[in-house]
Structures are given as structure tokens and as C-alpha cells.
Amino acid sequence: HLDTSQSVLLGSLPIFPYHTSNEGERSCRCLTQESLIPPEGLGEKALKNGLFLKVASDTDQTLLHCLGVQSIAKEVAYSHHVLPMLNNMSSNRDRDLIVLQMLENLPAILRGATTAEGKESLLTALHTSSFVPDASGELRKPSELYDPDVPELMSLLGDECFPKRIFQTAPMLRALRKVGLQSTMD
């Protein structure tokens with residue numbers, strides 16, 4: 001076990017690898033109060049906000065915990081870190097893959113939520129965030145888009161009123177309905 005002075009000294013060394021968005025950016029830095037251990041199963045592309053450490057083994061995770069770094073629940077990672085960064089991503093393809101993975105795993109994420117507050121926080125963030133690409137690639141709130149499974153809506157509205165085609169599969173639409181996708185016009 002490390003005492004406090006050893007922990008502070010070790011944490012101040014620029015030896016800890018972080019996930020970063022820029023290839024040229026130095027990925028090894030000191031630990032900070034904001035440093036986080038990412039949840040398991042969160043894709044590499046979703047971790048590039050500069051706060052998530054690269055954890056290669058259980059030993060790494062144990063050491064980071066000893067140094068005071070907190071693990072973060074998947075629902076908190078999505079609501080507080082992933083959703084807010086989607087608008088700033090340089091690659092629409094990467095952004096779409098992150099959203100697809102999140103929606104595909106949404107039932108499991110909600111079932112596995114560590115707290116009721118975390119689950120509600122994620123659902124609120126999904127209802128209020130612009131994260132679903134429309135036909136033009138613009139990010140929209142689910143409530144700003146319509147369900148393409150409703151034939152009347154398909155005949156009345158243009159493509160820009162529906163999620164991008166890759167988000168029109170049955171599992172994606174089920175997840176989007178849960179977070180506000182419209183099935184009627186007001």
C-alpha cells in the first residue's frame with residue numbers, strides 16, 4: 001500500500017496514459033482531480049475527451065484506485081461526457097458509430113445503472129440532447145424527429161424529419177422511441 005506522500009508523488013509524474021482526441025497530443029500526463037477510469041465496454045472513440053485514463057489491466061485499475069482515481073458508471077459517462085462531446089467531433093462517421101453503440105446497448109445500460117439517479121440522468125440527457133443525426137447529418141433531439149415506421153408520416157414529411165437511415169433499424173427505433181422519437185404530429 002502507498003502512503004499519502006507516495007500517492008501524491010506518483011500521481012504527479014507524467015506517466016499516466018489518457019485517451020485523447022488529437023493524434024499529436026501527448027497522451028501521458030499527471031493525474032488530476034478530473035481523471036477517470038472509464039467503464040468497461042465504452043468504445044475507444046467515446047473516451048477521447050482527455051479525462052479518461054487508458055486502463056490495460058486489472059493491476060492498472062487497482063493502482064489507479066489506490067491513487068484516488070474514481071471509476072465512472074456507464075450511464076454517467078454517456079450523460080456527462082459522451083453526449084456533450086458529440087457536436088464537437090471532427091468525424092461524423094465516428095460520431096454515428098458512438099451513437100449507434102449507445103442506442104444498441106441502451107437497454108443493458110439502463111438495466112445495469114448503478115443508481116436510480118444515474119438512470120434518470122441518462123434518460124433526461126437523451127431526451128434533451130441533440131445526438132441523433134437526421135438525413136443531412138445534423139444532430140437533433142429525438143423529439144425533433146419522427147418515426148419512419150409510421151407510413152402516414154413518411155408520406156407527409158421529408159427525409160430531414162427522420163433519423164438518418166442507419167438509425168432506422170428496429171432496435172435503433174425502439175431505443176429512440178424510449179427517448180422521445182415522435183410517432184404523431186401535433
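A quick note: this is a predicted structure, and the numbers were derived from the prediction, not measured.
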Distance-minimising heavy-atom pair for [X] and [Y]:
| X | Y | result |
| --- | --- | --- |
| Pro39 | Ala77 | CG-CB, 3.9 Å |
| Ser79 | Leu83 | CA-CD1, 4.2 Å |
| Arg140 | Glu160 | NH1-O, 2.9 Å |
| Tyr18 | Leu51 | CE2-O, 3.8 Å |
| Leu10 | Phe16 | O-CE1, 3.2 Å |
| Val99 | Phe131 | CG2-O, 3.5 Å |

Separation between [atom1] of [X] and [atom2] of [Y], rounded to the nearest 0.5 Å:
| X | Y | atom1 | atom2 | answer |
| --- | --- | --- | --- | --- |
| Leu103 | Ile98 | CG | CD1 | 12.0 Å |
| Gln6 | Cys66 | CD | SG | 11.5 Å |
| Leu63 | Ser7 | CG | OG | 8.5 Å |
| Thr124 | Lys119 | OG1 | NZ | 12.0 Å |
| Gln182 | Cys161 | CD | SG | 11.5 Å |
| Arg165 | Asp159 | CZ | CG | 5.5 Å |

Grouping I, L, V, M, F, W and Y whenever their side-chain heavy atoms are under 4.5 Å apart, do [X] and [Y] come out in a common cluster?
| X | Y | result |
| --- | --- | --- |
| Val150 | Met185 | yes |
| Val55 | Leu42 | no |
| Val179 | Leu100 | yes |
| Leu156 | Phe162 | yes |
| Leu2 | Val8 | no |

Any side-chain heavy atom of [X] within less than 4.5 Å of one from [Y]?
| X | Y | answer |
| --- | --- | --- |
| Gln61 | Val69 | no |
| Leu53 | Leu36 | no |
| Leu176 | Leu145 | no |
| Leu122 | Lys74 | no |
| Leu173 | Asp147 | yes |
| Leu123 | Leu110 | yes |
| Cys30 | Leu13 | no |
| Pro38 | Leu47 | yes |

More than 12 heavy atoms from other groups under 6.0 Å of CG on Asp3: yes
Exceeds 12 heavy-atom contacts within 6.0 angstrom, atom CD of Gln168: yes
Can you see whether [X] engages [Y] through a side-chain donor-acceptor pair at a distance of less than 3.5 angstrom?
| X | Y | answer |
| --- | --- | --- |
| Tyr146 | Thr184 | no |
| Thr59 | Thr62 | no |
| His127 | Ser143 | no |
| Thr114 | Glu75 | yes |

Verdict with reasoning, Leu126 to Met102, per side chain to side chain contact (heavy atoms under 4.5 Å, CB included): CA-CA 10 Å; Leu126 290 169; Met102 178 184 62; 3.7 Å; yes
Salt-bridge contact Asp149-Arg177 (side-chain N to carboxylate O under 4.0 Å): yes
Salt bridge (charged side-chain N to carboxylate O under 4.0 Å, His left out) assessment of Asp134 paired with Lys164: CA-CA 5 Å; Asp134 65 14; Lys164 191 174 182 177; over 6 Å; no
Whether Asn105 side chain and Ala108 backbone form a donor-acceptor pair below 3.5 Å: no
Pair Phe167-Asp96, side chain to side chain contact (heavy atoms under 4.5 Å, CB included): steps then yes or no: CA-CA 9 Å; Phe167 293 92; Asp96 291 355; 4.3 Å; yes
Audit row: Thr20, Arg29, side chain to side chain contact (heavy atoms under 4.5 Å, CB included) steps and yes/no: CA-CA 11 Å; Thr20 60; Arg29 301 191 314 258; 3.9 Å; yes
Side chain to side chain contact (heavy atoms under 4.5 Å, CB included) assessment of Val76 paired with Thr115: CA-CA 10 Å; Val76 176; Thr115 65; over 6 Å; no
